[in-house]
Amino acid sequence: MAELVSLAEGVAELVHDGDTVALEGFTHLIPVAAGQEIIRQGRRGLTLVRMTPDIVYDQLIGAGCAARLVFSWGGNPGVGSLHRFRDAVENAWPGPIEIEEHSHAGMANRYVAGASGLPFAVLRGYVGTDIAKHTTTVSTVTCPFTGEVLTAVAALNPDVAVIHAQRADRRGNVQMWGITGVQKEAVLAARRSLVTVEEIVDELDPRPDAVVLPGWVVSAVAHVPRGAHPSYAQGYYDRDNDYYQAWDPISRDREAFAKWLDEVTA
Amino acid sequence: MAELVSLAEGVAELVHDGDTVALEGFTHLIPVAAGQEIIRQGRRGLTLVRMTPDIVYDQLIGAGCAARLVFSWGGNPGVGSLHRFRDAVENAWPGPIEIEEHSHAGMANRYVAGASGLPFAVLRGYVGTDIAKHTTTVSTVTCPFTGEVLTAVAALNPDVAVIHAQRADRRGNVQMWGITGVQKEAVLAARRSLVTVEEIVDELDPRPDAVVLPGWVVSAVAHVPRGAHPSYAQGYYDRDNDYYQAWDPISRDREAFAKWLDEVTA
Amino acid sequence: MTWDADEIMTVTAARSLAGRTSCFVGIGLPSTAANLARRTSNPDLALIYESGAIGAKPTVLPLSIGDGELGETADAVVSVPEIFNYWLQPGRVDVGFLGAAQVDRLGNINTTVIGDYAAPAVRLPGAGGAPEIAASCRETIVIVRHRPRILVDRLAFVTSLGFGDGPGHRAALGLRGRGPIRLITDLGVLEPDPETCELTLASIHPGVTVDEVRAATGWPLAVRADLAVTAPPTPAELTALRSLTRGGSVA
Amino acid sequence: MTWDADEIMTVTAARSLAGRTSCFVGIGLPSTAANLARRTSNPDLALIYESGAIGAKPTVLPLSIGDGELGETADAVVSVPEIFNYWLQPGRVDVGFLGAAQVDRLGNINTTVIGDYAAPAVRLPGAGGAPEIAASCRETIVIVRHRPRILVDRLAFVTSLGFGDGPGHRAALGLRGRGPIRLITDLGVLEPDPETCELTLASIHPGVTVDEVRAATGWPLAVRADLAVTAPPTPAELTALRSLTRGGSVA
């Protein structure tokens with residue numbers, strides 16, 4: 001059964017220097033508050049995994065938490081580039097960052113393999129592209145029935161997965177609904193997991209399009225209202241599009257970012 | 001967009017002699033009425049696919065529709081054996097039946113591969129058992145990253161999938177909820193599909209635990225109230241446990257079965 | 001309160017789920033015992049059914065593994081592929097609880113066929129979820145009635161692996177689960193010998209003799225030096241069991 | 001009504017979705033065009049977003065591929081693995097609609113990097129869903145603004161395959177989809193030559209000259225003998241587009 005903890009406790013217990021950490025959330029329910037707590041606690045040398053690194057990963061990278069990034073699309077959706085990410089890749093600032101990139105289909109299947117206890121997954125993907133040239137986690141496999149050669153991707157099993165959900169009950173059962181992306185797979189693939197939630201309730205009443213993760217597959221749950229801001233939590237608050245716009249000038253400028261970082265870690 | 005048809009039209013158009021036909025429904029929402037319509041239309045030489053052949057497959061087999069059965073568990077749940085199935089396997093009555101059997105995990109993954117446009121799926125399964133000795137659709141595959149040897153199962157792509165759902169709208173979008181088994185995969189894996197429904201409605205309002213199949217992946221929808229009887233349709237009617245009990249003596253006896261068959265096809 | 005052989009079997013099986021987090025529940029006798037455990041030794045036990053119900057809390061005993069009651073009371077309902085791939089396969093379920101048509105001395109299970117595969121004497125239902133439950137749960141517990149034709153020396157067909165040919169066989173095949181840690185019958189409890197993996201008599205139910213158990217076993221049954229007598233069902237256990245099965249027995 | 005270059009690009013793109021059943025919608029410009037198609041040429045078009053929304057019917061233009069509006073108005077919302085594995089991969093989607101940072105003369109797309117991969121001049125967002133959209137949809141349509149640095153002769157990095165090295169390359173790789181049947185820009189429409197697969201000018205937008213298009217293209221652009229002039233946007237199309245984008249433009 002998942003432990004109910006504060007966000008600070010959860011990050012302290014579950015996220016360690018050098019860990020492979022997946023913060024997932026596909027546009028919706030991005031665990032931004034948890035990411036900023038990782039910054040606040042000064043984690044270093046993380047391998048950050050995420051299909052769509054956006055503002056929260058720009059912040060983690062700019063703050064120097066990441067040694068490595070595994071991803072499939074890194075941008076500020078609807079706005080443009082992630083400039084802290086680009087500064088790290090293009091200029092090794094604040095330090096060098098190793099990158100391993102995939103397609104969405106590949107990343108999704110890597111999590112599926114991880115969640116399924118398999119060392120790899122099979123897909124039709126990457127063929128004819130230059131992506132596979134720069135990673136060792138894409139290969140091929142031959143169908144034993146037809147002889148067809150297909151693409152294989154290595155399983156992803158992060159040390160810890162961090163997600164944000166709408167609700168949990170007091171026993172740590174977690175419920176999220178709307179666009180739920182790859183979060184179930186990330187939690188089931190990870191050795192440990194931290195879920196931040198908008199609300200702790202007595203009873204999880206059924207909801208359309210809901211995904212429930214039973215408490216016995218979650219390590220800890222922390223009550224963090226607005227923990228997905230500036231992304232959205234369906235039924236709680238909308239996406240703060242202004243924040244995404246406002247992030248662009250902060251991210252573009254090392255000094256503006258340093259000031260932002262001082263405020264967050266103060 | 002799915003065509004709205006009568007059950008007789010749907011079966012006539014979509015199910016042909018010699019086809020590979022999957023009627024799916026895991027205890028819940030079993031397309032029994034459609035199965036009996038296949039009997040009524042006198043289809044022959046079918047390869048019948050189903051994870052859990054139960055009463056409806058006992059009826060199809062006893063009626064002589066099947067040349068082959070692909071399955072993972074064949075019984076009258078909570079009651080005992082399927083005697084028409086056993087009579088076919090043990091005594092070739094009313095004709096010989098070829099069988100190909102799997103585990104549930106294997107069958108489920110064969111449908112997943114079929115639905116995913118892949119020729120095979122990978123799982124941890126069958127290892128150390130005698131099941132794989134009697135089929136050519138179980139093999140092995142080696143992980144290109146770890147060298148581990150895993151089980152491979154061949155994709156299942158039926159000519160036609162037949163399922164029962166609670167509702168459809170007038171454009172053929174199908175909605176089912178509760179235990180929805182492997183029906184989505186069966187429809188997406190099949191070349192054609194027929195869905196019988198309890199109700200045709202103007203609007204499919206969202207429901208917890210609902211699976212929606214958009215009309216553009218379904219060939220035809222037929223309005224068949226109580227089309228899952230004696231299994232159940234959550235929200236419409238309960239399982240008719242007496243029917244399952246009453247089937248046992250009918251199934252045990254060729255004459256009693258012949259009488260039942262006369263009544264159904266009358 | 002008095003009780004019959006099936007009742008002590010089910011009660012004993014339910015007790016062996018104490019302290020577990022999750023149980024993958026096979027059809028039939030295991031379902032009765034697992035549901036009894038939730039009413040007695042382990043109210044928090046997460047019951048997982050191959051139909052896709054996770055954390056089912058049925059108020060009446062389900063007649064099948066896909067009863068509406070299971071889905072309606074579950075913490076989550078997932079697809080059949082998902083229940084096998086995401087929940088069973090990675091080894092995250094503590095106990096697999098299985099029935100069987102036949103079990104051999106090494107805990108291997110047959111639910112496929114009696115006699116020749118191509119020309120069977122009796123055609124059984126087949127594998128269902130059992131092969132992967134037996135392979136992937138951290139441990140398995142098997143529950144059968146104790147008869148010489150059920151507990152057999154050697155199987156003609158292995159549907160689900162126990163200890164295979166003996167020590168080391170599971171590991172050599174790459175299976176992660178420990179295999180059958182207990183076979184519970186209406187006469188007693190068998191457990192694998194730590195050296196040979198052979199199922200040996202660990203406990204007899206009150207009123208049953210070792211000779212009776214031996215006579216009902218299809219191989220020369222070894223008896224553990226520390227043979228125990230099963231604690232009789234308590235009134236609370238029997239009351240819970242009878243209220244559970246009042247709605248109808250499970251085949 | 002007057003209109004600007006972006007407007008005729010989007011209107012032209014929306015028109016090319018007429019008669020299709022389903023469209024896998026990439027982020028950015030394709031999303032505007034696909035949503036316009038639902039309001040003009042093809043009200044029944046099923047829009048599929050990589051976030052898992054199938055049959056989305058947003059009332060305002062989504063700013064991202066995972067806006068709440070997409071899920072709330074969709075026929076179904078599925079997981080990200082499912083959208084790629086069950087819906088995109090088997091080739092059941094008619095059209096993939098993609099944007100690009102760069103496209104080459106054979107319709108290959110780069111969204112990864114400008115310059116050397118290890119020491120890039122510009123690091124772009126990366127692949128996202130595009131490589132498999134480009135591989136698995138029955139056909140793809142690409143929409144970009146027409147600039148020499150966008151329509152380039154040869155890519156340093158291929159993120160998503162168009163016609164690869166030319167005729168037969170897709171088939172040799174086992175790809176099932178036909179590849180890019182059309183490249184729509186703010187100056188005109190390019191289509192692959194049936195023999196060479198090279199993108200050639202099939203249509204110019206009203207008021208644009210062939211020389212202007214050539215000057216904006218990074219390779220010696222061939223012009224089709226039957227070069228057409230794009231039909232100007234109708235008032236209905238422009239009204240629909242403007243009501244759609246009033247809420248904010250899409251990057």
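Values in this document were obtained by computation on a predicted structure and should not be read as measured data. The chains referred to below are lettered A, B, ... by the order of the sequence lines, with proteins before strands, and numbering in each begins at 1.
- For C:Glu132 and B:Tyr126, the side-chain atoms include no donor-acceptor pair closer than 3.5 Å.
- B:Gln234 and B:Trp177 share no donor-acceptor pair across their side chains, judged by distance under 3.5 Å alone.
- Ranked by heavy-atom pairs shorter than 4.5 Å toward chain B, the options C:Gly115, C:Gly129, C:Gly174 are led by C:Gly129.
- Judged by distance alone, the side chains of B:His102 and B:Thr137 do bring a donor and an acceptor atom under 3.5 Å apart.
- Of the two parts of C:Ala74, neither the backbone nor the side chain holds a non-hydrogen atom closer than 4.5 Å to a non-hydrogen atom of chain B.
- In this structure, chain C has no heavy atom under 4.5 Å from any part of B:Met107.
- With respect to chain C, the highest number of heavy-atom pairs below 4.5 Å among B:Gly125, B:Ala105, B:Ala108, B:Ala121 belongs to B:Ala105.
- Contact annotation for C:Arg170: neither backbone nor side-chain heavy atoms come within less than 4.5 Å of a heavy atom of chain B.
- Cation-pi geometry between B:Arg239 and B:Tyr232 is not satisfied (NZ or CZ under 6.0 Å from the ring centre, within 45° of the ring normal).
- Options C:Gly128, C:Ala76, C:Ala127 differ in how many heavy-atom pairs under 4.5 Å they form with chain B, and the most are formed by C:Gly128.
- If you tally non-hydrogen atom pairs under 4.5 Å between each of C:Thr111, C:Leu124, C:Val122, C:Leu175 and chain B, the highest count goes to C:Val122.
- B:Arg226 forms no cation-pi arrangement with B:Tyr236, by the criterion of a distance under 6.0 Å to the ring centre and an angle within 45° of the ring axis.
- In terms of heavy-atom pairs under 4.5 angstrom with chain C, the leader among B:His28, B:Glu185, B:His134 is B:His134.
- Among the candidates C:Phe84, C:Phe157, C:Tyr117, the residue making the largest number of heavy-atom pairs closer than 4.5 Å to chain B is C:Tyr117.
- For C:Glu50, the parts lying near chain B are the backbone and the side chain together; criterion is any non-hydrogen pair under 4.5 Å.
- No side-chain donor-acceptor contact under 3.5 Å links C:Glu82 to the backbone of C:Ser79.
- The one candidate from B:Asp242, B:Asp54, B:Asp58, B:Asn76 that meets the side-chain hydrogen bond (donor to acceptor under 3.5 Å, both in side chains) condition with B:Trp247 is B:Asp58.
- Salt bridge present: B:Glu148 and B:Arg124 bring a charged side-chain N and a carboxylate O closer than 4.0 Å.
- With hydrogens and angles ignored, the 3.5 Å screen pairs no side-chain donor or acceptor of C:Arg123 with any backbone N or O of B:Arg86.
- For a residue to count as touching a neighbouring chain, one of its non-hydrogen atoms must lie under 4.5 Å from one of that chain's; by this rule C:Asn110 does not touch chain B.
- Neither the backbone nor the side chain of B:Tyr111 has a heavy atom closer than 4.5 Å to any heavy atom of chain C.
- Between chain B and the residues C:Thr159, C:Asn108, C:Asp165, C:Ile83, the most heavy-atom pairs under 4.5 angstrom are made by C:Thr159.
- Between chain C and the options B:Pro208, B:Gly181, B:Gly75, B:Pro77, heavy-atom pairs under 4.5 Å are most frequent for B:Gly181.
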